[in-house]
Amino acid sequence: MRQSRAAQRDGNVLSVETGKPYDEVLAELQVAIAEHNFRITGHSRVGKVIRERGAENFPEYDTVQFCNLTLAKTVLEITPHAIAYMPCNVVTYQFQGKTIVRTHLLPEDTDNPALNQFAAEMNPQLKQIVDFAAEQ
């Protein structure tokens, strides 16, 4: 059985910390993204690249971008300004002996009721992806 971890929400940012090994978090993140029918569109291994440039003890920092073109089409038909929320992005990094997993949730309190409804349906998926990656 998976065990929960510390989670915080600050505005539209969901942040979860876990003691789970960093590489396991990244692997689980990729699994969760695929299970929610998204495709990874980019993965930046910032910490690794900085270490390769000579900062050998630099911590891990990664960003993983993902998208579902059907959902992208839907939200862009609601408003072209929603492009600012795409692709979805989850960051992982090491801090004080923990692995942190963070994402921006879509705003559910805009002046556009259709966008709010879309966000209300999309945000639980983003939360599930983050939770799956962080749970031990």
What distance do [X] atom [atom1] and [Y] atom [atom2] have between them, rounded to the nearest 0.5 Å?
X	Y	atom1	atom2	answer
Y22	Y61	OH	OH	9.5 Å
F132	L29	CZ	CG	10.0 Å
Q117	T110	CD	OG1	11.5 Å
E52	K48	CD	NZ	5.5 Å
E108	M122	CD	CE	11.5 Å
R53	F58	CZ	CZ	11.5 Å

Between E28 and K20, does the salt bridge (charged side-chain N to carboxylate O under 4.0 Å, His left out) criterion hold? Intermediate values first, please. CA-CA 11 Å; E28 299 267 24; K20 187 175 181 178; 3.5 Å; yes
Validation row: [X], [Y] side chains within 4.5 angstrom (heavy atoms):
X	Y	answer
T63	H43	no
D62	V46	no
E17	Q96	no
L126	F38	no
R45	E60	yes
T103	C88	no
V16	D131	yes
L26	T92	yes

[Y] reachable from [X] in the ILVMFWY side-chain graph, under 4.5 Å edges:
X	Y	value
F95	V64	no
I100	I33	no
I78	M86	yes
L105	V130	yes
V13	V91	no

Taking every non-hydrogen atom, the tightest pair across [X] and [Y]:
X	Y	value
S15	R102	OG-CG, 3.4 Å
R51	P59	NH1-O, 3.4 Å
N116	P107	OD1-O, 4.0 Å
N37	N68	O-ND2, 2.8 Å

Taking the side chain from [X] and the backbone from [Y], do they hold a donor-acceptor pair closer than 3.5 Å?
X	Y	result
N12	H104	no
N123	L106	yes
T79	V75	no

Side chain to side chain contact (heavy atoms under 4.5 Å, CB included) with Q65: which of V90, I40, N89?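 For Q65, the side chain to side chain contact (heavy atoms under 4.5 Å, CB included) test succeeds with only one of V90, I40, N89, which is N89.
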Between the side chains of T99 and Y93, does any donor sit under 3.5 Å from an acceptor?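 Y93 and T99 do not have a side-chain donor-acceptor pair below 3.5 Å.
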